[in-house]
2 protein chains.
Amino acid sequence: MVNTDVYSADKMREILTAYLEKKAFRKTIERYTILECICCMPGHFDVETLRKYVTENHFRVSLAAVYNTIELLMDAGLVVRHQFSSRTVQYELKCAALTHHHVICSYCGSVSEVKTEKVKIATDCKIPKFTPEYYSLYIYGMCSKCKFREKIQL
Amino acid sequence: MVNTDVYSADKMREILTAYLEKKAFRKTIERYTILECICCMPGHFDVETLRKYVTENHFRVSLAAVYNTIELLMDAGLVVRHQFSSRTVQYELKCAALTHHHVICSYCGSVSEVKTEKVKIATDCKIPKFTPEYYSLYIYGMCSKCKFREKIQL
DNA sequence: TTTACTGCAAATATTTTGCAATATC
DNA sequence: GATATTGCAAAATATTTGCAGTAAA
């Protein structure tokens with residue numbers, strides 16, 4: 001059973017600390033600040049938006065540090081990556097991502113969400129030689145706007 | 001109910017033709033050749049590999065045409081995009097993708113597959129204002145190799 | 001004949017890397 | 001004090017675009 005609670009910023013800081021200690025990585029201000037900022041950002045974000053947010057609200061960080069840190073936070077299990085369309089890579093707090101799946105309109109590219117409880121994923125067989133930790137489901141289709149647009153053009 | 005048959009190359013050519021006619025796009029040799037080549041390629045492929053394959057086996061196509069055509073084939077519902085890791089965008093025939101979900105090791109990045117029938121996805125509620133057409137499920141976790149590696153290091 | 005599509009090369013966007021400076025351990 | 005991590009800028013990579021030429025309708 002996967003835990004779908006949204007963690008507090010405190011809890012996440014603890015997880016990051018435990019991860020850094022286990023891996024013997026350094027506890028830099030940048031790493032904690034970037035995590036802090038991610039916790040403050042609502043929903044999805046991209047690298048540029050995150051960097052702007054950090055820089056404006058706290059202090060200057062280099063692009064390299066942002067990329068490094070996101071990679072590290074993904075490895076620590078705190079952040080996940082999404083690629084909804086070819087252009088933009090987006091990220092999201094993993095504990096937030098666990099609460100919903102993504103619903104993507106193939107026609108206009110709009111992204112919405114559906115609560116995890118409303119979708120059941122059941123693996124009949126255990127996957128051989130694999131221990132699942134996280135399911136990421138993307139539901140593609142046509143949103144009502146595009147459906148309407150299609151209708152009136154016929 | 002989603003059709004999970006793997007189409008023949010003929011069937012796909014027909015689908016492409018119907019799509020091009022409906023949209024009043026032109027039937028260029030490049031479009032048919034690229035689709036043909038995709039049908040010959042086993043499993044996933046990236047833009048560069050596809051282009052190399054087309055060029056080596058048939059005739060020279062520009063990168064721009066490859067990008068254009070992949071975009072078009074995705075719109076036609078013949079091809080889907082995957083992004084398993086940050087580096088590589090991969091594509092796959094949609095009718096092939098429908099037969100399996102992707103199982104990705106978060107630690108070493110290896111990608112394997114699990115048959116669609118072995119995983120049940122059930123939406124309890126209809127998704128409001130949305131018509132689903134295609135489900136894409138990524139199962140992240142730890143493969144046996146990484147599990148073993150982790151074990152012997154403890 | 002018209003113009004959508006291609007090829008080519010340049011432009012843009014995104015991500016990574018090398019190296020010196022800095023901060024953590 | 002040793003060195004992992006940062007900042008910066010340059011390099012590498014991936015994708016898009018402008019324009020002239022070609023070919024589909």
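Letters A, B, ... are given to chains in the order of the sequence lines, protein chains preceding strands, and every chain is numbered from 1. Being a predicted model, the structure only gives us computed values, none of them experimental.
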Rounded distance in Å - CG (B:Leu16) to C1' (D:dA24): 14 Å
Rounded interatomic separation in angstrom, taking CD from A:Glu71 and P from C:dT14: 17 Å
Per-nucleotide protein contact string for nucleotides 5-11 of chain C (B base, S sugar-phosphate only, - none; heavy atom under 4.0 Å): SSBB---
B:Lys22 NZ to D:dA25 C1', straight-line distance once rounded to whole Å: 20 Å
d(NZ, A:Lys27; P, D:dT5) in whole Å: 13 Å
Under 3.5 Å: donor-acceptor pair, side chain of B:Arg31, backbone of B:Thr69: no
d(CG, B:Leu50; P, D:dA14) in whole Å: 15 Å
CD1/B:Ile29: more than 12 non-hydrogen atoms of other groups inside 6.0 Å: no
Where B:His82 and B:Ala97 come nearest, the two heavy atoms and their spacing: NE2-CB, 4.4 Å
Heavy-atom donor-acceptor pair, A:Thr131 side chain to B:Gly141 backbone, under 3.5 Å: no
Bend angle of the helix from C:dT1-D:dA25 to C:dC25-D:dG1, from helix axes over five pairs at each end, nearest 10°: 40°
Nearest-angstrom distance from the residue atom CD of A:Glu48 to P of C:dT15: 10 Å
Common cluster, A:Val103/A:Tyr135, ILVMFWY with side-chain heavy-atom separation under 4.5 Å: yes
Exam field: side chain B:Arg13 to backbone B:Tyr32, donor-acceptor pair closer than 3.5 Å: no
Contact under 4.0 Å: B:Tyr67 side-chain N or O vs D:dT16 OP1/OP2: no
Parallel, tilted or perpendicular: ring planes of A:His102 versus A:His100, cut at 30 and 60 degrees: perpendicular
Closest heavy-atom pair and its distance - A:Thr49, A:Met41: CG2-CE, 3.6 Å
